[in-house]
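I have placed the structure first, in the form of structure tokens, so that the comments after it can refer back to it.
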Amino acid sequence: MKCRIAPSLLAADFTRLGEEIKRVEDSGTDILHLDIMDGHFVPNYSFGPCVIEAIRPLTKLHFDVHLMLDEPQKYIETFHKSGADGITIHLQPCPDPTEILNEIGSRGLVRGLSINPDVPVEKVEPFLDKIDRLLLMSVFPGFGGQKFIAESLGRLEQASRLIAGKNIELEVDGGVCLENARAIKDAGANLLVAGTAVFRSADMRAAVNGMLQA
Ligand code: DX5
Ligand code: ZN
């Protein structure tokens with residue numbers, strides 16, 4: 001699978017979202033990561049479906065919606081209608097996510113499952129035939145700009161062995177930057193979420209290419 005960088009809108013300048021989307025398109029990537037937080041599953045809020053709906057007409061970028069919610073099942077339809085192309089839910093609040101993943105799939109969306117850094121990787125094994133994207137958090141979610149947790153590399157290697165031969169993207173989120181991109185890719189990840197490292201760089205195209213070529 002080709003490696004891709006997914007800029008995380010959380011690190012964008014919210015006073016000029018339209019221009020920020022244009023910058024993502026000009027960077028050469030085809031995917032945008034959208035972090036949704038509910039103040040319960042994570043100790044922070046971000047933005048909601050109305051922001052996704054507002055930016056949807058601006059671009060054909062794949063919208064990779066990351067739901068950090070206690071009750072994601074209540075909002076699949078809402079985020080689908082707002083313009084998601086893929087929806088990722090967390091395993092912790094949904095010990096058996098089968099039904100929710102099926103709903104995401106029945107809507108024709110990419111089905112994602114995520115785990116925090118303290119959840120054993122093997123917990124996702126029963127659901128591997130129900131997902132298209134496995135997201136390993138490399139920070140505890142809630143805030144951009146945190147430091148990549150080094151143990152995530154071993155977890156990515158383990159996940160990559162689990163999904164070997166399956167058509168599943170291996171996504172990593174949190175603290176990804178030019179300095180660790182090589183190690184992250186070597187560990188098997190092929191979808192690298194990056195907020196601070198790309199949005200806070202003056203030349204987003206160079207930042208994206210730097211990580212792709214690292
Ligand atoms: C963390 C979010 C991330 C975050 C990544 O809660 O899920 O997507 O925006 O930001 P950086 O790349 O700055 O760590
Ligand atoms: Zn995220």
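Here the rule is side-chain contact (heavy atoms from CB on, under 4.5 Å) with Met68, and of Val42, Ile89, Asn44 only Val42 fits it.
A donor-acceptor pair is defined here as one N or O able to donate and one able to accept, closer than 3.5 Å; no such pair exists between the side chain of Asp173 and the backbone of Leu135. The backbone N or O of Val119 lies less than 3.5 Å from no partner atom in the side chain of Asn116, so there is not a single donor-acceptor pair. A donor-acceptor pair is defined here as one N or O able to donate and one able to accept, closer than 3.5 Å; such a pair exists between the side chain of Asn180 and the backbone of Gly175. Looking at Gln146, its side chain does come within 3.5 Å of a backbone N or O of Phe140 through a donor-acceptor pair. For Arg133 (side chain) and Thr88 (main-chain N/O), no donor-acceptor pair under 3.5 Å exists by modelled atom type.
To the nearest 0.5 Å, atoms CG (Asp96) and CG (Leu91) are separated by 9.0 Å. With rounding to the nearest 0.5 Å, the separation of OG in Ser27 from CE in Met211 is 9.0 Å. Residue Lys60 holds its NZ atom at 11.5 Å from CG of Asp85, rounded to the nearest 0.5 Å. One distance of note links CD of Gln213 with CG of Leu178; it measures 10.5 Å at 0.5 Å rounding. In this structure, Lys185 NZ and Leu170 CG are separated by 14.0 Å, a value rounded to the nearest 0.5 Å. Residue Ser82 holds its OG atom at 7.5 Å from CD1 of Ile36, rounded to the nearest 0.5 Å.
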**Request:** Please test Val176 against Val193 for side chain to side chain contact (heavy atoms under 4.5 Å, CB included), starting from the C-alpha separation and ending with a verdict.
**Result:** CA-CA 7 Å; Val176 175; Val193 176; 5.7 Å; no
**Asked** Could you walk me through whether Val24 and Thr59 pass the side chain to side chain contact (heavy atoms under 4.5 Å, CB included) check?
**Response** CA-CA 10 Å; Val24 174; Thr59 182; over 6 Å; no
**Prompt:** Step by step, would you call Ile131 with Val124 a side chain to side chain contact (heavy atoms under 4.5 Å, CB included)?
**Reply:** CA-CA 10 Å; Ile131 63 173; Val124 301; 5.7 Å; no
**Message:** Quick one, Phe41 with Leu67, criterion side chain to side chain contact (heavy atoms under 4.5 Å, CB included). Give me CA distance, side-chain angles, the key distance, then yes/no.
**Reply:** CA-CA 10 Å; Phe41 179 64; Leu67 296 184; over 6 Å; no
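Heavy-atom minimum distance, Pro117 versus Ser138: CG-C, 4.4 Å. Considering every non-hydrogen atom in both Ala207 and Ala197, the closest pair reads CB-O, 3.8 Å. Scanning both residues, Pro97 and Pro95, for their nearest heavy atoms gives CD-O, 3.4 Å. Here the closest non-hydrogen pair linking Ala12 and Leu17 is CB-CD2, 4.3 Å. Contact record, Phe143 with Met37: N-CE, 4.3 Å, taken as the closest heavy-atom pair. Across Ala214 and Ala181, no two heavy atoms sit closer than the pair CB-CB, 4.0 Å.
For the 3.5 Å distance criterion, the side chains of Asp13 and Thr15 qualify, holding a donor opposite an acceptor.
Note on Met137: it does not cluster hydrophobically with Val121, by side-chain heavy-atom contacts below 4.5 Å among ILVMFWY residues. Hydrophobic clustering (side-chain heavy atoms under 4.5 Å, transitive across Ile, Leu, Val, Met, Phe, Trp, Tyr) groups Leu69 together with Val51. Following chains of ILVMFWY side-chain contacts shorter than 4.5 Å, one cannot reach Leu191 starting from Val139, and the two form parts of different hydrophobic clusters. Taking hydrophobic clusters as Ile, Leu, Val, Met, Phe, Trp and Tyr residues chained together by side-chain heavy-atom distances below 4.5 Å, Ile100 shares a cluster with Ile115. Linking ILVMFWY side-chain heavy atoms closer than 4.5 Å, directly or via other members, places Leu58 and Val65 in a single hydrophobic cluster.
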Check residues 4-11 and write down every donor-acceptor pair under 3.5 Å in which the side-chain atom is one partner and the other belongs to a residue at least two apart or another chain.
unit_1	atom_1	unit_2	atom_2	d
Arg4	NH1	Asp30	OD1	3.0
Arg4	NH1	Asp30	OD2	3.4
Arg4	NH2	Glu169	OE2	2.7
Ser8	OG	Asp35	OD2	2.8

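Side-chain contact between His33 and His66: present, with at least one pair of heavy atoms (C-beta onward) separated by less than 4.5 Å. Looking at heavy atoms from C-beta onward, Phe148 lies in side-chain contact with Ile184 at the 4.5 angstrom threshold. Contact check for Ser152 versus Leu136: no side-chain heavy atoms found under the 4.5 Å cut-off. Between Tyr75 and Ile87, every side-chain heavy-atom pair lies at or beyond the 4.5 Å cut-off. Ile55 places a side-chain heavy atom less than 4.5 Å from the side chain of Leu34. Side-chain contact between Asp64 and Glu171: present, with at least one pair of heavy atoms (C-beta onward) separated by less than 4.5 Å. Within the 4.5 Å cutoff, no side-chain heavy atoms of Arg205 are placed close to those of Asp26. Looking at His80 and Glu77, their side chains never come closer than 4.5 Å, going by heavy atoms from C-beta outward.
Using a 4.0 Å cut-off between charged side-chain N and carboxylate O, Glu19 and Arg23 make no salt bridge.
Ring geometry, Phe14 versus Phe47: the interplanar angle falls from 30° to 60°, so the pair is classed tilted.
Few gaps surround CG on Asp118; more than 12 heavy atoms of other groups in view lie less than 6.0 Å from it.
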